Protein chains: 2
Amino acid sequence: MAPAQTLASADRRIDILKSAAAAFRRRGYHGASVDEIASALEMTKGNLYYYFRNKEEILYACHEYSLDVLLALLDDVRADGSTPDQKLRRLILAFVHLLLDELQATALTIDLQALSPPLLDKIIARRDAFDRGLREIIQQGMDAGTFAAGNPKMVGFAVMGAVNWITKWYDPAGPMTSEAIGQAFADYLVGGLTRMPALPTPTAPAAR
Amino acid sequence: MAPAQTLASADRRIDILKSAAAAFRRRGYHGASVDEIASALEMTKGNLYYYFRNKEEILYACHEYSLDVLLALLDDVRADGSTPDQKLRRLILAFVHLLLDELQATALTIDLQALSPPLLDKIIARRDAFDRGLREIIQQGMDAGTFAAGNPKMVGFAVMGAVNWITKWYDPAGPMTSEAIGQAFADYLVGGLTRMPALPTPTAPAAR
DNA sequence: CGCAGCGTTGAACGCTTGTTCAACGCTGTG
DNA sequence: CACAGCGTTGAACAAGCGTTCAACGCTGCG
């Protein structure tokens, strides 16, 4: 009986979100047409309005879905008892993996500002929560001396930028797997690029 | 006599590009209307077509202009005789400055893919040239042992992502000046975040 | 079999937006 | 003063797109 059944309504909604996310990434919110989103699923555009009130709601649901996934990840990482650098590394690895393999390479990249204020505010609040969580980890690393001193807000923005930007150049058919990209980014963003020139270690390093 | 003269044609074109760049950044290429671009300059949209053949050409000119500026910067940095880490630092500082203070915070961020193939290819070729130049500097630093070994392509993408992403959160009225942002980014992206745990400096050159 | 309702269709509408174009004012020149 | 031409206007057009809606088929239930 189960196989005879067509896709359940909830699944269908997710299909639509995936198709929409891919279309929004390629063409932008305004550039992607409702018809384009529907055609990719071999349904008519009128049918989309059975599942969503309008195009804006689809965009909103895309962001909501991405944030569900990312905030769950953040909670996970926060809860594990490891050191800040391990947390940050794990966060970056998982973020890249989710972004490329689960979220159609479109998490926070698509035109937020296309949303009208009431919806926009809700998304921004959650995105800020993610940013704060990221900064907190960075701050802890700086406090512990594991990370070089600096402005955790700027570092957080830099990390988010580096990772989100992947969606602009990532090619699934390219030479780098999402796994390899994650490793390379974690190495650079956590481990640092410049080798400290025999830095006179500040007395008793808490690190290690 | 000179002041009586209205703006010369070439200046007017640049005004249009600035207005368009700002509009494209806020709403995206498809989201920004030609009328919106014109109104900001207190001209009618019909008038825009005296200066540009169509909307696409405006987008193209925006990218062309940004690339002119950035490639000139790259040449400059390449030519100075400093070490790779100094070059990278200078490149990031100047990039941030140009991006925020000169280019309406919209260099490579606006929908490239909205361009049709012939124009698109020309832009991509130049953008790739910039990427290659950046990677070359990074590679030199790795060869020299100044930078930790790694994949220069990935590091280059990470740097570009971090910097270009600034346009998504930058607020001219915010607490951080473009100068301060540049410094913070250069510190992190060049200097590295994690303190090397008393790494045994490999005495010898490139190796490893 | 008949009924109900979910999921779907496809045509139609109305609005927005990119683009065109004939006409106009202004300025400097002969 | 007449003329030429650059820069500008504003109305008009055509196409695309988001959205609506009445009608239809199918499936499972009574």
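Numbered from 1 within each chain, the chains take letters A, B, ... in sequence-line order. The structure presented is a predicted model; accordingly, all values stated were derived computationally and were not measured.
Following rounding to the nearest Å, E42(B) (CD) and dT8(D) (C1') show an atom-to-atom distance of 14 Å. Put simply, OH on Y49(A) is 18 Å from P on dC13(C), counting in whole angstrom units. Spacing between atom CD1 of I37(B) and atom P of dT17(C) amounts to 12 Å, rounded to whole angstrom units. The distance from atom CD of E56(A) to atom C1' of dC17(D) is 16 Å, rounded to the nearest whole Å. For the pair F24(B) CZ and dT17(C) P, the computed distance is 13 Å after rounding to whole Å. Rounded to a whole Å, the CZ atom of F52(B) is 15 Å from the P atom of dG18(C). Counting to the nearest Å, the C1' atom of dT19(D) and the CG atom of L59(A) are 17 Å from each other. Atom P of nucleotide dT19(D) and atom CG of N54(A) are separated by 5 Å, given to the nearest angstrom.
Here the rule is side chain to side chain contact (heavy atoms under 4.5 Å, CB included) with W169(A), and of T167(A), I166(A), D171(A) only I166(A) fits it.
Side chain of K55(A), nearest nucleotide from dT9(C), dG18(D), dT19(C): dG18(D). Taking every side-chain heavy atom of M43(A) into account, dT9(C) is the closest of dA12(C), dT9(C), dT19(C). Closest to the side chain of R12(A), out of dA12(D), dT8(D), dT8(C), is dT8(C).
Nearer to the 5' terminus of DNA chain D, by closest-nucleotide assignment, is the contact made by K45(B) (compared with the other of Y29(A) and K45(B)).
Of the side-chain N and O atoms in Y50(B), none sit less than 4.0 angstrom from OP1 or OP2 of dT8(D). The shortest distance between the side-chain N/O atoms of N47(B) and the OP1/OP2 oxygens of dT9(D) is below 4.0 Å. A close approach under 4.0 Å does not occur between any side-chain nitrogen or oxygen of R53(A) and OP1 or OP2 of dG18(D). Note on T44(B): a side-chain N or O is less than 4.0 Å away from OP1 or OP2 of dT9(D). Remark: Y51(A) is in phosphate contact with dT8(C), judged by side-chain N or O atoms under 4.0 Å from OP1 or OP2.
Two residues are said to be in side-chain contact when any heavy atoms from C-beta on lie closer than 4.5 Å; Y188(B) and N151(A) fail this criterion.
Using a 4.0 Å cut-off between charged side-chain N and carboxylate O, D187(A) and R89(A) make a salt bridge.
One finds the CZ atom of R27(B) at 11.0 Å from the CD1 atom of I37(B) (value rounded to the nearest 0.5 Å).
A38(A) comes within 4.0 angstrom of nothing in the nucleic acid, heavy atoms only.
The cationic atom of R135(A) (NZ for Lys, CZ for Arg) lies less than 6.0 Å from the six-membered ring centre of F157(A) and within 45° of the ring axis.
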